[in-house]
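One structure is given here, and the rest of the page talks about it.
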Number of protein chains: 2
Amino acid sequence: MRTELQPLLNQIQRYVSLTEGEIEKLLAICEVKTFRKRQFLDQPGFVSGYRNYILKGAFRSYFIDPEGKEHTVQIAIEDWFVSDFYSYITQTPATLFVEAQEDTTLVQMAYKDIEGLCKEIHALSEYFRITTERAFAFSRHRALSGISMSAEARYLEWAARYPEMDRRISQKVIASYLGMTPEFLSKIKKKISSEC
Amino acid sequence: MRTELQPLLNQIQRYVSLTEGEIEKLLAICEVKTFRKRQFLDQPGFVSGYRNYILKGAFRSYFIDPEGKEHTVQIAIEDWFVSDFYSYITQTPATLFVEAQEDTTLVQMAYKDIEGLCKEIHALSEYFRITTERAFAFSRHRALSGISMSAEARYLEWAARYPEMDRRISQKVIASYLGMTPEFLSKIKKKISSEC
DNA sequence: CTATTATCTTAAACTAGTTCAAGCGGTTTT
DNA sequence: AAAACCGCTTGAACTAGTTTAAGATAATAG
């Protein structure tokens, strides 16, 4: 077996158990790919064809609004799935850029292969049902707790929760992820460091 | 068969097909309940026990932030599912109020019954997998397209998309759903009506 | 039908965060 | 080693949306 795929199998088997035969079928649709820093995984105009599970590295997804401003939608490192999920689910052209922030290795599973296997393997369908329900619930929950927070509180909470990302990702990207200007984040960091 | 449950079956069979036996098992876990205007379906401190599918009426879910302000999270009418989804999924006490906006009839399916049936019936697991994936993708997509919009643009787009809700739901609730003060929404509506 | 309470409107003062602009180090390209 | 570029900082002017407050209108209970 390709041991490099073990992290993906571990992730899935945290939620469901697969038989030997099912594991084999799953591994058969997996492909490992590498991306260089600044390379795009998805980009506007192209349909997002894969679910991508990060083995090593970091990605971010972002879009550019009508006034030309960048908005970072997701920051993903090891053990996260990343893509323009709307494009993947609807199989229509992407609106997001999904860009490597470091040299990255990931596992790709094609849309049709996943859909086929979900129809065939009940446990896999359950894996995606359960994890997507959880991801949906958590994402809403997080969005809500952010709603009544100041920009400073949002940054402090996020940095405490994802110190690894705070270290590896540029301040400009973090600001656009947290919904503020880089200038304002700079001011916040100055204030924080002067306070303690 | 209980014909009042037909809308729910239609909704499910838009995505998957169920055998006669599967339909029977599903209907066996469904209960129809009615709520009076202003009655709570979920509230902070109590675990959300059901998936609720609205047959007739309207609900909204909201929370109260540390400064005492209400934020409406979801507005739901006929054919929508409604609950404190985070509480339902994690089976921990709710943080949201889910309150009837009109006298409402809905179908309730208990958490344990659903989880049991999803393990048993592959098609049902697929129904929830597919619809949750879509709901997740669409909710992110909508959140993004709202990000770079003014309060006025958000209201105009929302009202054009959900005219029915715009008619039935109070302006105060709509404002808190769209993330602005009722005063500001009032100004927007005045401006709109003076423009055309 | 009347009293009460909630919703909607309007306007003036206010603020969190943006925009613009300029300068500073570091790093990639030539 | 220069040139061009990128990310970070700093400050002053600005604005979309909030806050506060008070009056007008509508809904609901008794």
Original post:
Is the NZ or CZ atom of A:R134 positioned over A:F138's six-membered ring, under 6.0 angstrom from the centre and within 45° of the axis?
Top reply: no
Subject >> Between C:dT28 (P) and A:R36 (CZ): distance, integer Å >> reply: 13 Å
Original post:
So what does B:K37 hit on the nucleic acid, given a heavy-atom distance under 4.0 Å: a base, only sugar-phosphate, or nothing?
Top reply: sugar-phosphate
**OP:** Please report, rounded to the nearest Å, how far the P atom of D:dT18 is from the CD1 atom of A:I147.
**Re:** 12 Å
Subject >> Side chains of A:Y155 and A:D166, donor plus acceptor under 3.5 Å >> reply: yes
Original post:
Taking atom SG of B:C118 and atom CD of A:E133, what is their separation to the nearest 0.5 Å?
Top reply: 7.0 Å
Original post:
When every nucleotide of nucleotides 14-26 of chain C is labelled 5' to 3' by its protein contacts under 4.0 Å (heavy atoms), B for base, S for sugar-phosphate only, - for none, what sequence of letters results?
Top reply: ---BBBB------
Original post:
Side-chain heavy atoms under 4.5 angstrom apart, residues restricted to Ile, Leu, Val, Met, Phe, Trp, Tyr: same cluster for A:F184 and A:L178?
Top reply: yes
Subject >> Rounded interatomic separation in angstrom, taking CD from B:Q171 and P from D:dA24 >> reply: 19 Å
Original post:
Please give, in whole Å, the distance from D:dC8 P to A:D166 CG?
Top reply: 11 Å
Original post:
B:K189 has an atom NZ; how far is it from atom C1' of C:dT10, in whole Å?
Top reply: 16 Å
**OP:** Starting at atom NZ of A:K172, determine the distance to atom P of D:dC6, rounded to an integer number of angstrom.
**Re:** 8 Å
Subject >> Distance-only donor-acceptor check, side chains A:Y177 and A:E70, under 3.5 Å >> reply: no
Original post:
For A:K191 and D:dT9, what is the distance between atoms NZ and C1' respectively, to the nearest whole Å?
Top reply: 17 Å
Original post:
Once you round it to whole Å, what is the distance between P of D:dC5 and CZ of A:R38?
Top reply: 15 Å
**OP:** Could you walk me through whether A:E126 and A:R129 pass salt bridge (Lys or Arg N to Asp or Glu O under 4.0 Å), step by step?
**Re:** CA-CA 5 Å; A:E126 279 288 271; A:R129 176 185 71 85; 2.7 Å; yes
